[in-house]
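Take a look at the structure set out below.
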Amino acid sequence: MEDSAIVDLYWARDQLAITASDEKYGPLCRSLSQNILNSWEDAEECVNDTWHRAWNAMPPQRPGCLRAFFAKIVRNLSLDRWRAQRARKRGEGAEALVLELEDCVPAAPSAEEETEAREAARCVDRWLDTLPREDRVIFVRRYWYGQRVDELAAQLGYTPNRLAQRLFRLRSGLRRALEEEGVRL
């Protein structure tokens, strides 16, 4: 089913919107959530919560890109759940991602640092635009979608070691770009 038809179902308050969303975007959302949480049960709950959030958001919101809309919701829900679990015990999934990026990406901003955070995000976007397509895909799949290095390496035809080295070079390049733009690390 086309995205516009799915959005129309949400706007019409038709329950088929949930079924259509799950059929088309359920696997992506489950994979993204599983990569962060390392738990299929928790991932499934986040995906169900994603459909609920989408139901409450449409109307009035009419997303331009349904894939990105659902991915953002499920990612945020998964990170919230991960943080809650981490408060109780150390986690595995998202913690590894955060640790890999912590020395080249500024820490989460406080309220007074929101402007700086927006500028840092624009800097990261500009840096991503300078990368060859494959590097951009690798970086986004690893650090936005949280895909495991061994899984990503297998899909791209690399060894995990080779991909880890490439990710290290990408993070180093990001750090240099942020420093050149004056972003505090």
Handout entry: Beyond-backbone contact of N48 with H52, side-chain heavy atoms, under 4.5 angstrom
Key = no
Fill in the blank from the handout: All heavy atoms of W40 vs all of Q34, minimum pair found to be N-OE1, 3.2 Å
Problem - Contact check, side chains of L28 and Y145, non-hydrogen atoms, under 4.5 Å - result: yes
Problem - Expected output: side-chain W55 to main-chain R13 donor-acceptor under 3.5 Å - result: no
Practice task
May I ask you to test the L163-D150 pair for a side-chain heavy-atom distance under 4.5 Å?
Solution key: no
Exercise for the section: Kindly check if the number of other-residue, nucleotide or ligand heavy atoms within 6.0 Å of CZ (R67) is above 12? Expected result: no
Problem - T50 versus Y25, side-chain donor and acceptor atoms under 3.5 Å - result: no
Exercise for the section: Return yes if a side-chain donor-acceptor contact under 3.5 Å exists between Y143 and R171, otherwise no. Expected result: yes
Exercise for the section: Kindly state whether the ring of W144 and the ring of F139 have centres lying under 6.0 angstrom apart. Expected result: no
Handout entry: R53 CZ: over 12 foreign heavy atoms closer than 6.0 Å
Key = no
Exercise for the section: Grab the two heavy atoms, one from A43 and one from S33, that are nearest each other, plus how far apart they are. Expected result: CA-OG, 3.2 Å
Handout entry: Gap between atom CZ of R30 and atom CG of D22 - 0.5 Å precision
Key = 4.0 Å
Problem - S172 side chain to F168 backbone, donor-acceptor under 3.5 Å - result: yes
Handout entry: Non-hydrogen side-chain atoms of V124 and L178 separated by less than 4.5 Å
Key = yes
Exercise for the section: Indicate yes or no: at least one non-hydrogen side-chain atom of T19 is less than 4.5 angstrom from one of E23. Expected result: yes
Exercise for the section: Identify the heavy atoms of V74 and C29 that sit nearest to each other, and give their distance. Expected result: CG2-O, 3.8 Å
Problem - Evaluation steps, side-chain contact (heavy atoms from CB on, under 4.5 Å), between R133 and V137 - result: CA-CA 6 Å; R133 183 183 187 285; V137 167; 3.7 Å; yes
Exercise for the section: Compare every heavy atom of I6 with every heavy atom of M1, then report the nearest pair and how far apart it is. Expected result: SD-CG1, 3.6 Å
Practice task
Could you tell me whether R166 and D135 have a side-chain N and a carboxylate O separated by less than 4.0 Å?
Solution key: yes
Practice task
Kindly indicate, with the supporting measurements, whether the criterion side-chain contact (heavy atoms from CB on, under 4.5 Å) is fulfilled by L156 and R141.
Solution key: CA-CA 11 Å; L156 297 172; R141 285 175 65 182; 4.1 Å; yes
Practice task
Report the distance from atom CG of D8 to atom CH2 of W11, rounding to the nearest 0.5 Å.
Solution key: 9.5 Å
Handout entry: Any Y158 side-chain heavy atom under 4.5 Å of I138 side chain
Key = yes
Handout entry: Euclidean distance, D3 CG relative to S21 OG, rounded to 0.5 Å
Key = 9.0 Å
Handout entry: Under 3.5 Å donor-acceptor, R81 side chain and L77 backbone
Key = no
Practice task
Would you give the length of the straight line joining atom CD1 of I73 to atom CH2 of W51, rounded to the nearest 0.5 angstrom?
Solution key: 8.5 Å
Problem - CG-CG distance between D14 and L9, expressed to the nearest 0.5 angstrom - result: 5.0 Å
Exercise for the section: Treating Ile, Leu, Val, Met, Phe, Trp and Tyr as nodes and any side-chain heavy-atom pair under 4.5 angstrom as an edge, say whether L16 and Y10 lie in one connected cluster. Expected result: yes
Exercise for the section: Check whether NZ of the Lys or CZ of the Arg R122 lies under 6.0 Å from the centre of the six-membered ring of W127 and within 45 degrees of that ring's axis. Expected result: no
Problem - Closest contact, heavy atoms only, A54 versus F70 - result: CB-CE2, 3.5 Å
Exercise for the section: Starting from the C-alpha separation in whole Å, work towards a yes-or-no answer on side-chain contact (heavy atoms from CB on, under 4.5 Å) for R142 and L170. Expected result: CA-CA 11 Å; R142 173 68 180 138; L170 286 169; over 6 Å; no
Problem - K24 atom NZ: more than 12 heavy-atom contacts under 6.0 Å - result: yes
Practice task
Taking atom types as modelled, find out whether E41 and S39 have a side-chain donor-acceptor pair closer than 3.5 angstrom.
Solution key: yes
Problem - Salt bridge R75-D80, side-chain N to carboxylate O under 4.0 Å - result: no
Exercise for the section: Find the distance between CD (Q155) and CZ (R148) and round it off to the nearest 0.5 Å. Expected result: 10.0 Å
Practice task
Indicate yes or no: at least one non-hydrogen side-chain atom of K72 is less than 4.5 angstrom from one of N76.
Solution key: yes
Practice task
Specify the closest pair of heavy atoms between Q147 and N35, including all atoms of both residues, with the distance to one decimal.
Solution key: CA-ND2, 3.5 Å
